[in-house]
Amino acid sequence: MPLRALRSKGSPLLYRMPGSALVLMVCAVALLLTLGLSASFALRDRAAALQHAQDTAGNASLLVAEHAARLVETSDLILKQAVQLAGPADAPLPSDRASWERYAALVRGTPYLVSIWLFDADGNAVLSTRRFPTPAMNVADRDYFVTQRTGGSGAGGNLFITALDNSRYSQEPLILLSRPLAAAPGQFRGVALVAVSPRYVRDIYKSFDFDYARSITLRRADGTVLLHETQGPDATDSAAAEAAGEPEISALRRVDSVPVTAEVAIPVSSVMERWRGQLWTYISYALAALAAVSVVGGMALQRARRERQAENALQHAYDTLEERVHQRTAELEQTNAQLETVVTDKEILLKEVQHRVKNNLQVICSLLRLQAARIDEPARRAFDESLRRIQCMSLMQELLYRSDQPARIDFADYLRQLCDGLVRSTNPTGARLTVNAPQPWSLDVDQATPLALIASELVSNALLHAFPLGHPGTVTVDLLPEGREGMRMTVRDDGTGLPADPSAPQRRQNGLGLVLVRALAQQAGADVTIDRQPDGGPGTRFIVSVPTLAKTENKAA
């Protein structure tokens, strides 16, 4: 189509618009698209930031719960040892220096323990690892002592966890774990208590790599706060946001086998602050894109002014090229016609050569028949074998002459015609010949020729020598696929079979035919297998395994 036709009335609207208007429209679309994509990416990153914060809180709560479980588990082990060191139910509570040394050793071996206390049934302190002798102290009104003495459900299987806001010894809140001392049934002997320092727990929490301000809280099942810590780069802002009741992203996790929950909360304001910091990136990209679109639009407008001149020059080049293309097309059509004529002549010549080869082979066969009539019987058999082989090749030339592909032949059709000719000419005992070739098999003539001679040798050999006593039998020829790309030809008879002695003077065993079969099989790239008494029955089976033409070429290489 000439270029000037693009601006005709029948062309689409975009082709009929002036170049400057089209450039302005494209620039406007690009600007709107840039702004829309920037806003879309910003909103998507906002949702991703909130989701990331939620995932972070969930993962952190899992770590906090796991750490709390291990902390309670190891602290409870120390507490059980303290209960065991307190002696049996009828023993007095230990308060001597040696007992104090044993309890102090337990505290020194555990970095997060502050102290171990033993209280009698009235709540009076009997032993404390803080100092020796033990200072006067009564805890009868404390919740852990009351719970252990009354055996309430809050003890959680004799283990009770609570928090102590103020401690005169550590000057910091403590986490307390208590168990009742061994006592006789129905009696209360006292309480063993271990104090855990939250400072150690906070040091562990500080090692968590967070990107936001957050708060970590450990609570009992009744809501009592055991530990509350605000951490992160904006810890002050996080504490202020929490005090102001601002929305938070939180995750709760129950500590395994302990009535304690771990909560990690991230203020939404901290997440939004980080997201707003990323907005400048999108704004910068958007401004850069707008500037680029403006520059490109200006350059496009300048180029649009020269569009007409370039279009006229291109139209002239188009007309010249179209004329040359028509001229060259006419020359190619003439050359193609000449080539088709030459190919047709060559195909006719090839058919004629194949036809004459077939006729010459038939003349040779006639001459051999005339010559065979004048010689004795032993020499006539050799003439008959040569005549059969020549007829085999003549049949192939005839099928090639009839084929649409001069260099390929349907081997299944050839095998049926070959066996039909052999059973009518080479069958002194009147044996029955069956051919099973259910599907066509196209082979190159270079591979089909040796396979055809192999089939002729094996079938004629079976018809002539498999039934020496004159009793008719059956010869079966199968041509079936083998594997994915192979072909297998089987010639089987139910005659006398090959002798077991390799030195036996029989033509079927060591004659020229079998030697010729092996040589032809090597030429075709096939494998020949001789099976005596196949399946335990009489006769002989020859198996010729034929690969595909591609595999034959690879084998020859």
Side-chain angles (χ1 to χ4, degrees), residues 385 388-389 392 396 409-423 426-427 431-444 446-467 473-502 504 506-556:
E385 290 184 0
R388 173 180 50 77
R389 292 166 184 146
C392 172
M396 178 169 292
I409 186 175
D410 183 0
F411 191 73
D413 182 47
Y414 171 82
L415 187 62
R416 285 190 289 268
Q417 296 191 36
L418 174 67
C419 293
D420 183 63
L422 290 175
V423 78
T426 311
N427 192 7
R432 187 166 61 91
L433 178 60
T434 303
V435 179
N436 179 25
Q439 68 181 46
W441 201 280
S442 179
L443 294 181
D444 187 89
D446 293 335
Q447 191 178 27
T449 300
L451 293 176
L453 292 173
I454 291 174
S456 176
E457 292 295 328
L458 294 178
V459 174
S460 62
N461 186 61
L463 292 174
L464 290 173
H465 303 290
F467 313 103
T474 301
V475 179
T476 304
V477 181
D478 295 324
L479 185 65
L480 301 172
E482 184 176 37
R484 305 178 74 180
E485 300 178 351
M487 179 180 71
R488 182 179 64 185
M489 180 174 62
T490 305
V491 179
R492 176 175 179 175
D493 62 75
D494 54 359
T496 57
L498 293 176
D501 184 6
Q506 280 202 16
R507 179 179 177 85
R508 295 189 69 200
Q509 178 73 6
N510 298 315
L512 176 62
L514 192 55
V515 175
L516 183 60
V517 165
R518 291 196 174 97
L520 292 171
Q522 184 177 5
Q523 178 182 349
D527 297 325
V528 178
T529 304
I530 303 176
D531 190 4
R532 298 178 178 87
Q533 296 182 352
D535 303 328
T540 307
R541 177 170 56 191
F542 292 85
I543 301 174
V544 182
S545 299
V546 186
T548 61
L549 180 58
K551 289 187 178 180
T552 303
E553 292 175 351
N554 294 335
K555 186 175 181 180

Which pair of heavy atoms, one from Ala437 and one from Ala412, lies closest together, and at what distance? CB-CB, 3.9 Å
Applying side-chain hydrogen bond (donor to acceptor under 3.5 Å, both in side chains) to Arg488 and not counting sequence neighbours gives none
d(Asp444 CG, Phe411 CZ) to nearest 0.5 Å is 13.0 Å
Before you tell me yes or no, could you show the steps for Gln439 and Trp441 under side-chain contact (heavy atoms from CB on, under 4.5 Å), namely the whole-Å CA-CA distance, both residues' side-chain angles and the distance that decides it to 0.1 Å? CA-CA 7 Å; Gln439 68 181 46; Trp441 201 280; 3.3 Å; yes
Could you grab the distance from atom CG of Leu443 to atom CD1 of Ile409, nearest 0.5 Å is fine? 8.5 Å
Less than 4.5 Å apart, side chain to side chain, heavy atoms only: is that true for Ile454 and Met489? yes
Can you list the steps and then say if Val475 with Phe467 is a side-chain contact (heavy atoms from CB on, under 4.5 Å)? CA-CA 10 Å; Val475 179; Phe467 313 103; 4.1 Å; yes
Against Arg541, only a single residue in Asp478, Asp493, Asp494, Asp531 fulfils salt bridge (charged side-chain N to carboxylate O under 4.0 Å, His left out); can you say which? Asp531
At what distance, to the nearest 0.5 angstrom, does CG of Leu458 lie from OG1 of Thr490? 10.5 Å
Sequence neighbours excluded, which residues qualify as side-chain hydrogen bond (donor to acceptor under 3.5 Å, both in side chains) partners of Asp420? Arg424
Sorted by chain and residue number, the side-chain hydrogen bond (donor to acceptor under 3.5 Å, both in side chains) partners of Ser442 (sequence neighbours excluded) come out as Arg408
Spacing of CG belonging to Asp527 relative to CZ belonging to Arg518, to within rounding of 0.5 Å: 12.5 Å
Spacing of OG1 belonging to Thr540 relative to CD1 belonging to Ile530, to within rounding of 0.5 Å: 8.5 Å
Answer yes or no: does atom CD of Gln522 have more than 12 heavy-atom neighbours from other residues, nucleotides or ligands under 6.0 Å? no
Mind checking the CG-OG spacing from Leu418 to Ser460? Nearest 0.5 Å is all I need. 8.5 Å
